[in-house]
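For reference, the structure discussed in these notes is given below.
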Amino acid sequence: MIIDELRNGFSAALVAAFGPEIGEVDPQVVPASNPRFGDYQSNVALSLAKQLQQKPRAIAEQLIANVNLSYFCKPLEIAGAGFINITLKPAYLETQLSALQTDPRLGVEKAQHPQREVVDFSSPNIAKEMHVGHLRSTIIGDSIARILEFRGHDVLRLNHVGDWGTQFGMLIAYLREVYPTALTTADALDLGDLVALYKKAKARFDEDEEFREIARQEVVKLQAGAEDSLHGWRLLCEQSRREFQVIYDLLDVQLTERGESFYNPLLSAVIDDLTKQGLLEENAGAKCVFLEGFTNKEGEPLPLIVQKSDGGYNYATTDLAALRYRIQEDGAQRIVYVTDAGQANHFAQFFQVAKRAGWLPENVEIVHVPFGLVLGEDGKKIKTRSGETVRLKDLLAEAIARTRADLETRLTTEGREETEEFIANVSKVVGLSAVKYADLSQNRLTNYIFSYDKMLALQGNTAPYLLYAYVRVQGISRKGKIDFTQLGNSAQILLKEETELVLAKHILHLGEIIAEVERDLLPNRLCQYLYELSQKFNQFYDQCPVLQAEEPWRTSRLMLSDLTARTLKLGLFLLGIKVLERM
RNA sequence: GGGGCUGUAGCUCAGAAGGAUAGAGCAAGCGCCUCCUAAGCGCUAGGCCGCCGGUUCGACUCCGGCCAGUCCCGCCA
């Protein structure tokens, strides 16, 4: 990457000017804070002033005298208090861009040390419908997985579905009573009815002591492997799985299902090992590990319960077992959990227990990637008009339907005729892209206000705006009957106009952005980059005729347009978004 | 009571491993289609970066305290 080359150049200059011990300091090369300061800047002279007992500008001068970057940078300039401004030579940019012409990775390097990484995301519950709460985990998790995969990591995408535990005892016990066929015959009930029965079962569980006991017995039967219970359970899982798959197919998300039940045989070993470590204590009949740094209202240490007083295990036990399995059997070097921010406490707690139990080798990193809630336009938790949780299926269908309505209106006003197939496809791609992009383009830590009108808007930082920029490039190739792959190896990119230079420089930043997203796991940075790319392309498109330009500018501009489109396509792919040729 | 996250323009949000006058979009106002889709581009206006202190040559960014919102806090996940 260009920035690495600059860093190396500055580090060498630091050694040459001030000796090897100074060579260790960070050369502080960053993208310029403002275009009028050039392309990059180094702030190292300011921070060295005290240590070297010299004025920043004097340090900067000595540095510049020792920097050897003239083969691709214009003469370095000192500005302000001692900033060193760096501007790249257009000829160098032209060469770099030409090199991208044949590079399918568009300059994005592979990770130097590829790792085995687990991304745990989506995680819906069996016998319930996916709702808006699963939206962010699914979309953000998928994008993170795509980016890690593209960087060359060996990624295991795990769907830790809720397919075990108390709620199943409850549901099965209730079905035995009111609708036993559901436990013996596949698809006896549709999922909507199942969800309704689940709610009734829950209500019954909460108020009926006798039923509670029956439900508990059912959990014990299930965990012990009783065939009739297992059979019913499998039917429920099978049905839910198919429903989930409809959504995953629609969203183009790949996942390996490995639910909570998978870890059932490993739970007792967690308890045994914790006992051996001397971490386990019994309190009011429950087995727990008392935590450091977590206290209750009275200031006493808070426990993490790993075995309930009735002998059953809970999610903390499962999460610990899963963590061990992923490290020992999957060989994970990094485990990323994409769940809502409300679970931050839980993760901090079970991470602590895993650490204290010695289950976390030095080279393994575990990280919770939290995200905020999805809110309605009133700023409150999103609900349907009748106050129900919004089903994901309905939410996506609505986005597609609204896109279709917008599209049809536009076709009418523009007098365009399009086939049903075209309309259906554009509506689907734009609608789904809009939902994904609206989510991803926001810093995931904050709550996010869900608005169809905003996400489907044709202007601003939205999916339709980016898709339109891509479509514009394809429009050029259609109109001019250009095959971008046949522009010829000898063709040169020439950067003359300001908008061409600005666009070119932006294209060359992709690698830096991807590296940043990989480090911080913040896909909104990539969205920001792609939005700016689209803006810069539109400015170029406005200022510079392409097809009508004289050679060699015509070919150069065609190449620049194609590079923009390929960068957009790749970037959007990493967000899980498809492009369109026309819209 | 403890803890997490958030607080930046009227609205929705960027920016935070410290760096030069704080950025977009929407909404408002004004321009630009004989020319590759105007689903676009340009211009104008709009800010005690929640408050108070501290560290630093330099703080929206780091630290401490306070205020507000929100979520979580022993046998649900």
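Keep in mind that this is a model prediction, so the values were computed, not measured. Numbers restart at 1 for each chain; the letters A, B, ... are given by sequence-line order, proteins then strands.
- Here A/Ala469 lies out of heavy-atom contact (under 4.0 Å) with every strand.
- With sequence neighbours left out, the ring-ring contact (aromatic ring centres under 6.0 Å, His included) criterion links A/Tyr531 to A/Tyr465.
- Across all strands, A/Ala344 comes closer than 4.0 Å only to sugar-phosphate atoms, never to a base (heavy-atom distances).
- Distance from the side chain of A/Phe37 is smallest for B/A20 among the nucleotides B/G19, B/A20, B/C36.
- A/Pro303 comes within contact range of at least one nucleobase, with a heavy-atom separation under 4.0 Å.
- A/Arg557 comes within 4.0 angstrom of no nucleic acid atom, judged by non-hydrogen atoms across all strands.
- Within the 4.0 angstrom heavy-atom criterion, no nucleotide atom of any strand lies near A/Val473.
- Taking atom C1' on both nucleotides, B/G50 is separated from B/C5 by 15 Å, rounded to a whole Å.
- Nucleotide B/C33 is shown with a syn base, its glycosidic torsion being within 90° of 0.
- Between A/Tyr313 and A/Tyr315, the ring center distance fails the sub-6.0 Å criterion.
- Here A/Lys308 reaches the OP1 or OP2 of B/C76: one of its side-chain N or O atoms lies under 4.0 Å away.
- At a threshold of 4.0 Å, the pair A/Arg212-A/Glu209 counts as salt-bridged, since one of the basic side-chain nitrogens sits closer than that to a carboxylate oxygen.
- The gap from the C1' atom of B/G1 to that of B/A17 amounts to 34 Å, rounded to the nearest Å.
- B/C13 sits 14 Å from B/A22 when the C1' atoms are compared, rounded to a whole Å.
- The side-chain contact (heavy atoms from CB on, under 4.5 Å) search around A/Glu300 returns A/Asn296, A/Glu298, not counting sequence neighbours.
- Residues that satisfy the side-chain contact (heavy atoms from CB on, under 4.5 Å) test with A/Glu417, not counting sequence neighbours, are absent from this structure.
- At the heavy-atom level, A/Leu547 lies under 4.0 Å from base atoms of the strands shown.
- B/C73 and B/C66 are spaced 23 Å apart, taking the C1' atom of each and rounding to whole Å.
- Between A/Thr138 and A/Ser122, the closest heavy-atom pair is OG1-OG, 2.9 Å.
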List the steps, then state whether ring pair (Phe, Tyr, Trp, His ring centres under 6.0 Å) holds for A/Tyr529 with A/His506. CA-CA 8 Å; A/Tyr529 169 83; A/His506 199 72; 4.4 Å; yes
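- Nearest nucleotide to the side chain of A/Leu445, out of B/A77, B/C36, B/U6: B/U6.
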Pairing string, 5' to 3', for RNA chain B - Watson-Crick or wobble contacts under 3.5 Å, brackets [ ] where pairs cross, | to another strand: (((((((..((((.....[...)))).(((((.......))))).....(((((..]....))))))))))))....
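- Between A/Asn43 atom CG and B/G19 atom C1' the separation is 5 Å, expressed in whole Å.
- Contact annotation for A/Asn314: backbone-only contact, meaning every heavy-atom pair under 4.0 Å involves sugar-phosphate atoms and none involves a base.
- Taking only distance into account, the side chain of A/Gln41 meets the base of B/A20 through a donor-acceptor pair shorter than 3.5 Å.
- Going from the P atom of B/A27 to that of B/C11 covers 16 Å, rounded to whole Å.
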Footprint string (nucleotides 10-15 of chain B, 5' to 3'): B base within contact, S backbone only, - free, heavy atoms under 4.0 Å: --SSSS
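- Both A/Phe540 and A/Tyr531 sit near RNA chain B, but only A/Tyr531 has its closest nucleotide nearer the 5' end.
- Between A/Gly80 and A/Gln343, the residue whose closest nucleotide on RNA chain B is further toward the 5' end is A/Gly80.
- The gap from the P atom of B/U70 to that of B/C76 amounts to 27 Å, rounded to the nearest Å.
- Its glycosidic angle being within 90° of 0, B/G74 falls on the syn side.
- Residue A/Asp120 contributes atom CG, which lies 15 Å from atom P of B/A77 at whole-angstrom precision.
- Note on A/Ser123: nothing from the nucleic acid sits closer than 4.0 angstrom, heavy atoms only.
- A/Thr317 and A/Asn314 share a side-chain donor-acceptor pair at under 3.5 Å.
- In terms of the side-chain contact (heavy atoms from CB on, under 4.5 Å) criterion, residue partners of A/Ala32 (sequence neighbours excluded) are, by chain and number, A/Phe37, A/Gln41.
- In this structure, A/Cys527 reaches neither bases nor backbone, as no heavy-atom distance under 4.0 Å exists between it and the strands shown.
- Per the geometry, CD1 belonging to A/Ile271 stands 12 Å off C1' belonging to B/C75, to the nearest Å.
- Taking the side chain of A/Gln548 as heavy atoms from C-beta on, and the options B/G19, B/C35, B/C75, the nearest nucleotide is B/C35.
- Using atom C1' as the reference point in both B/G65 and B/A20, the two lie 31 Å apart (nearest Å).
- For A/Phe211, the ring-ring contact (aromatic ring centres under 6.0 Å, His included) criterion is met by no residue, not counting sequence neighbours.
- Residue contacts for A/Asn85: at a heavy-atom cut-off of 4.0 Å it reaches a base atom on one of the strands shown.
- For A/Phe347, the ring-ring contact (aromatic ring centres under 6.0 Å, His included) criterion is met by A/Tyr337, A/Phe350, A/Phe351, A/His368, not counting sequence neighbours.
- The side chain of A/Leu373 lies closest to B/C71 when the candidates are B/C36, B/C71, B/G19.
- Residues satisfying the ring-ring contact (aromatic ring centres under 6.0 Å, His included) test with A/Phe205, not counting sequence neighbours, are none.
- Among the atoms of the strands shown, none is found under 4.0 Å from any heavy atom of A/Ala457.
- A straight line from CD1 of A/Ile78 to P of B/A20 spans 18 Å, rounded to a whole angstrom.
- Among the protein residues, A/Gln307 comes within range of no part of the nucleic acid, since none of its heavy atoms lies under 4.0 Å from any strand.
- Contact annotation for A/Gly342: backbone-only contact, meaning every heavy-atom pair under 4.0 Å involves sugar-phosphate atoms and none involves a base.
- Judged purely by distance below 3.5 Å, without hydrogens or angles, the side chains of A/Gln535 and A/Gln539 never pair a donor atom with an acceptor atom.
- Listed by first and then second residue, the side chain to side chain donor-acceptor pair (under 3.5 Å) pairs involving residues 557-566 of chain A are A/Glu500-A/Arg557 (not counting sequence neighbours).
- For the P atom pair drawn from B/G64 and B/G3, the interatomic distance equals 11 Å after rounding to whole Å.
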Return the polar atom pairs (N/O with N/O) between nucleotides 40-44 of chain B and the protein under 3.5 Å, or none.
{"unit_1": "B/G40", "atom_1": "OP1", "unit_2": "A/Leu458", "atom_2": "O", "d": "2.7"}
{"unit_1": "B/G40", "atom_1": "OP2", "unit_2": "A/Gln459", "atom_2": "NE2", "d": "3.3"}
{"unit_1": "B/G40", "atom_1": "O3'", "unit_2": "A/Asn538", "atom_2": "ND2", "d": "3.3"}
{"unit_1": "B/G40", "atom_1": "O2'", "unit_2": "A/Arg472", "atom_2": "NH1", "d": "2.8"}
{"unit_1": "B/G40", "atom_1": "O2'", "unit_2": "A/Arg472", "atom_2": "NH2", "d": "3.4"}
{"unit_1": "B/C41", "atom_1": "OP1", "unit_2": "A/Tyr465", "atom_2": "OH", "d": "2.5"}
{"unit_1": "B/C41", "atom_1": "O2'", "unit_2": "A/Asp542", "atom_2": "OD2", "d": "2.7"}
{"unit_1": "B/G42", "atom_1": "OP1", "unit_2": "A/Gln539", "atom_2": "NE2", "d": "2.7"}

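- A search for side-chain contact (heavy atoms from CB on, under 4.5 Å) contacts involving A/Ala405 returns nothing, not counting sequence neighbours.
- Atom C1' of nucleotide B/C5 and atom CG of A/Asn345 are separated by 11 Å, given to the nearest angstrom.
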